[in-house]
Student: 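Before I ask anything, let me first share the structure, which is written out below as structure tokens.
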Number of protein chains: 2
Amino acid sequence: MSESASPTVSGRRLEHPETSRIRLETVLGALADPIRLSIVCALAGGHEDMACVAFDLPVSKSTSTHHFRVLREAGIIRQYYVGTARKSSLRTDDLAERFPGLLPSVLNAERGRREEHPDGPT
Amino acid sequence: MSESASPTVSGRRLEHPETSRIRLETVLGALADPIRLSIVCALAGGHEDMACVAFDLPVSKSTSTHHFRVLREAGIIRQYYVGTARKSSLRTDDLAERFPGLLPSVLNAERGRREEHPDGPT
DNA sequence: CTCGTACTACGATGGTTATCGTACTTTGGC
DNA sequence: GCCAAAGTACGATAACCATCGTAGTACGAG
């Protein structure tokens with residue numbers, strides 16, 4: 001890896017769609033899943049740069065990997081390696097540029113839902 | 001709607017979820033389909049109260065029925081019979097109350113997409 | 001009453017997706 | 001070098017969903 005000396009960041013690369021190619025239907029489809037919605041909500045709630053394992057999702061590791069990939073390929077999150085961990089962050093600015101207001105309204109709605117049903121997942 | 005003696009309105013009933021029971025994931029899932037998105041866009045574009053047949057969708061009649069049902073059961077549209085026709089309208093106010101800003105941002109995003117790709121469907 | 005229109009119900013089919021377990025890879029620490 | 005931790009790749013499975021065709025229902029016009 002000729003990535004001149006960044007010892008903590010892995011040379012492993014992950015594909016991310018560029019902002020202009022993020023598709024609305026794909027984003028909506030990615031958000032139409034309770035587990036992925038909870039991931040996005042956690043990332044938006046000040047938990048940026050969390051490792052996948054820190055989310056404690058009610059699914060197996062391989063399923064978790066799957067959901068993170070769906071979010072990444074939809075253009076909703078960005079992922080990068082730090083050691084063995086893969087950290088994630090919301091592409092808030094990119095989404096705001098491409099679909100203004102969409103992510104905030106979804107997050108707002110999801111937060112409202114959790115106030116109604118505090119016994120829900122995550 | 002006035003129950004007694006409305007000769008143009010059929011007695012056939014259609015189930016609609018009440019506003020407080022509209023679920024975010026269901027709404028997002030319903031919108032994550034290009035055909036349903038085009039229906040919603042058409043309804044928002046001043047074509048309220050259109051009969052299903054007026055949309056000229058690139059699918060069969062039974063598939064069209066299916067998509068309208070998904071939208072109705074998600075709480076996105078309201079449907080009622082007028083003679084043999086079944087007309088549809090967006091539940092704009094209900095959605096704005098339940099998920100403020102969500103529908104406008106989706107519609108705005110979809111309109112932007114159509115400016116990029118005017119050769120797309122519908 | 002009959003016919004055409006508009007839509008629905010049902011069953012089938014094929015494609016996508018969510019889930020899992022197992023085996024593997026990459027990385028960092030000892 | 002070896003091991004544990006974190007995650008990935010792969011294959012299997014089951015559920016879901018979009019699509020269709022056919023047959024049927026409701027309504028209005030004549």
Student: If each of A:Ser62 and A:Arg36 is mapped to the nucleotide of DNA chain C with the nearest heavy atom, which maps nearer the 5' terminus, i.e. the 5' end?
Tutor: A:Arg36
Student: Less than 4.0 angstrom between a side-chain N/O of A:Thr84 and OP1 or OP2 of D:dG7, yes or no?
Tutor: no
Student: Can B:Val70 be reached from B:Phe68 by stepping across I, L, V, M, F, W or Y side chains whose heavy atoms are under 4.5 Å apart?
Tutor: no
Student: CG of B:Leu31 versus C1' of D:dA18: gap in Å, rounded?
Tutor: 16 Å
Student: Quick one: B:Glu25 CD to C:dA18 P, roughly how many Å, whole number?
Tutor: 12 Å
Student: Kindly give the heavy-atom pair with the smallest separation between B:Pro17 and B:Ala74, and that separation in Å.
Tutor: CG-C, 4.2 Å
Student: Between C:dT17 atom P and B:Leu28 atom CG, what is the distance in whole Å?
Tutor: 16 Å
Student: Could you tell me the separation between the NZ atom of A:Lys87 and the P atom of D:dG7, rounded to a whole number of Å?
Tutor: 10 Å
Student: Within this structure, what is the OH-to-C1' distance between A:Tyr81 and C:dT27, rounded to whole angstrom?
Tutor: 11 Å
Student: Without decimals, in angstroms, what is the distance between A:Gln79 CD and D:dG7 P?
Tutor: 10 Å
Student: For residues 104-111 of chain A, which side-chain donor-acceptor pairs fall under 3.5 Å, sequence neighbours excluded?
Tutor:
unit_1, atom_1, unit_2, atom_2, d
A:Ser105, OG, A:Gly101, O, 3.1
A:Ser105, OG, A:Leu102, O, 2.8
A:Glu110, OE1, A:Arg113, NE, 3.0
A:Glu110, OE2, A:Arg113, NH2, 3.0
A:Glu110, OE2, A:Arg114, NE, 3.0
A:Glu110, OE2, A:Arg114, NH2, 3.2

Student: For B:Lys61 and C:dC10, give me the distance from atom NZ to atom P, rounded to whole Å.
Tutor: 17 Å
Student: Report which part of the nucleic acid A:His67 touches: base, sugar-phosphate, or nothing (heavy-atom distance under 4.0 Å, all strands).
Tutor: sugar-phosphate
